[in-house]
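Counting starts at 1 for both ligands and their atoms, in listed order. The basis for the numbers below is simple: all heavy atoms, side chains too, and nothing from hydrogens, waters or symmetry mates.
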Amino acid sequence: MKKKPIICIDGPAGAGKSTIARMVARELGLVYVDSGALYRGLAWKALENHVNLHDAWALAEMAKNTKMNFKTMEGGGNHIFVDGTDVTSQIRSERVSFHTNEIAKVKGVRKVLNEMQKALGKKGGVVMEGRDIGTRIFPKAKYKFFLDASPLERARRRFLELKAKGRRVNLEKIAHALAQRDYKDKTRGISPLRQAPDAVVIDSTRLSLAQVAKRILKFVAA
Ligand code: C5P
């Protein structure tokens, strides 16, 4: 039997990766993996337990001793559990978003999460999104996409998404936070956000998310 594909989707914050990866996975009957949720899950745990975010050793030890898993809920939502606690909504707070960068640059943390991600894709059949999926986690994958959009469009999308959830938000603040997060992700010494040389680049500034998903599906079907 043919091994199911691994589809890697990387790109900066707010490029639409999650929605698109979910659409593609649903359409192809593959498992959707949000690798950012794993980084966020560890950041949440570190904040909850007052772990010093500048102590690389403590963060790596914490990562080694953390159990994380995804569960598809009734109705189709994808939830993340950290040591058995459902933290799906907590990991989206501004505080966790802000501190996830600190966690993500720690070598020992990335080592643990890299293994977790590789195990999730071991049998194929996954659409995984993040920052280093095509460059580091599955460098040999056949399908790699790098999604981008203008900073203003990415901020606008995030603004609308949060507003729809009933949050009081400010477009300028969101644009600033996204720019800061991208800068840190692109300039960190370990596994920075970078486009894999063999990735298909899609600029979604003037495309709807459904149009981007359609393009990806076309590539995979070809
Ligand atoms: O994808 P999301 O925006 O939820 O990711 C949150 C943060 O986790 C990113 O800004 C980045 O610092 C980190 N991350 C990473 N590598 C990944 C996925 C996420 O460093 N593969």
Side-chain angles (χ1 to χ4, degrees), residues 6-22 25 32-47 53-54 56 59-60 62-63 66 68 70 77-80 82 87-121 126-139 141 144-149 151 154-155 157-159 161-162 165 174-196 199 204 209:
I6 291 176
I7 301 177
C8 312
I9 302 183
D10 289 303
K17 298 187 299 293
S18 306
T19 311
I20 290 161
R22 224 178 277 131
Y32 160 63
V33 181
D34 171 6
S35 70
L38 299 172
Y39 287 89
R40 287 171 179 271
L42 284 185
W44 172 83
K45 183 171 171 178
L47 290 168
L53 297 180
H54 300 290
L59 290 170
M62 183 195 76
T66 303
M68 290 195 278
F70 291 102
N78 197 28
H79 284 213
I80 179 162
V82 174
V87 295
T88 311
S89 56
Q90 289 96 310
I91 63 165
R92 301 288 154 196
S93 72
E94 266 174 52
R95 187 159 174 253
V96 171
S97 296
F98 182 78
H99 291 292
T100 303
N101 280 130
E102 297 296 326
I103 302 275
K105 65 183 188 202
V106 177
K107 197 171 166 191
V109 165
R110 295 203 80 86
K111 193 164 174 257
V112 172
L113 293 188
N114 286 357
E115 291 311 315
M116 242 183 237
Q117 290 165 77
K118 283 180 187 166
L120 286 167
V126 295
V127 180
M128 195 175 289
E129 53 117 340
R131 303 293 188 288
D132 61 346
I133 312 303
T135 51
R136 179 112 187 118
I137 308 298
F138 299 117
K144 297 181 187 177
F145 299 92
F146 191 89
L147 297 191
D148 210 348
R154 291 191 283 116
R157 284 181 195 162
R158 188 52 58 90
F159 172 81
E161 190 185 313
L162 293 171
K165 284 184 187 159
I174 291 180
H176 179 70
L178 282 188
Q180 250 191 339
R181 196 137 74 85
D182 284 350
Y183 177 77
K184 287 188 197 164
D185 283 341
K186 284 179 181 165
T187 54
R188 68 176 172 228
I190 177 168
S191 291
L193 166 64
R194 202 155 285 161
Q195 178 188 316
S204 72
L209 299 182

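- For the pair Arg92 and ligand 1, a heavy-atom separation below 4.0 Å is found.
- Scanning Asp132, Ile103, Asp185 for the heavy atom closest to atom 9 (C) of ligand 1 points to Asp185.
- Pro12 places none of its side-chain heavy atoms less than 4.5 Å from the side chain of Tyr183.
- For the ligand labelled ligand 1, residue Lys105 lies outside the 4.0 Å heavy-atom shell.
- If you look at Glu102 next to ligand 1, there are no close heavy atoms at all, none under 4.0 Å.
- Listed by first then second residue, pairs satisfying side-chain hydrogen bond (donor to acceptor under 3.5 Å, both in side chains) with a partner in residues 33-42 read Asp34-Arg92, Tyr39-Arg110, Arg40-Ser97, not counting sequence neighbours.
- In this structure, Arg110 is part of the shell of residues with a heavy atom less than 4.0 angstrom from ligand 1.
- Defined by atom type and a distance below 3.5 Å, a donor-acceptor pair is present between the side-chain atoms of Arg157 and Ser204.
- Nearest to atom 7 (C) of ligand 1 among the protein's heavy atoms is Thr100 CG2, 3.5 Å.
- At a heavy-atom cutoff of 4.0 Å, ligand 1 is contacted by both the backbone and the side chain of Arg131.
- Among all protein heavy atoms, the one lying closest to atom 18 (C) of ligand 1 is Ser35 OG, 3.3 Å.
- Although no hydrogens or angles enter the test, the distance criterion places no donor-acceptor pair under 3.5 Å between the side chain of Lys17 and the main chain of Glu129.
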Are Ile103 and Trp44 close enough, and set up right, to give a side chain to side chain contact (heavy atoms under 4.5 Å, CB included), and what steps lead you there?
-> CA-CA 10 Å; Ile103 302 275; Trp44 172 83; over 6 Å; no
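- Taking every heavy atom of Gly36 and a limit of under 4.0 angstrom, the matching atoms of ligand 1 come to 1 (O), 4 (O), 5 (O), 18 (C), 19 (C).
- Contacts of Ala13 with ligand 1, taken as heavy-atom pairs under 4.0 Å, are absent altogether.
- The part of Arg40 lying near ligand 1 is the side chain, judged by heavy-atom distances below 4.0 Å.
- At a 3.5 angstrom cut-off on N or O pairs, Glu129 does not count as close to ligand 1.
- Ligand 1 places these atoms under 4.0 Å from at least one heavy atom of Ala104: 12 (O), 13 (C), 20 (O).
- Across Ala13 and Leu178, no two heavy atoms sit closer than the pair CB-CD2, 3.6 Å.
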Test side chain to side chain contact (heavy atoms under 4.5 Å, CB included) on Arg154 and Asp148 and set out the steps.
-> CA-CA 9 Å; Arg154 291 191 283 116; Asp148 210 348; 4.1 Å; yes
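- Applying the salt bridge (Lys or Arg N to Asp or Glu O under 4.0 Å) criterion to Arg194, with sequence neighbours excluded, gives no partner residue.
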Side chain to side chain contact (heavy atoms under 4.5 Å, CB included) between Ile133 and Phe145: does it pass, once the steps are laid out?
-> CA-CA 10 Å; Ile133 312 303; Phe145 299 92; over 6 Å; no
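- Polar contact check, Arg181 against ligand 1: a nitrogen or oxygen pair lies under 3.5 Å apart.
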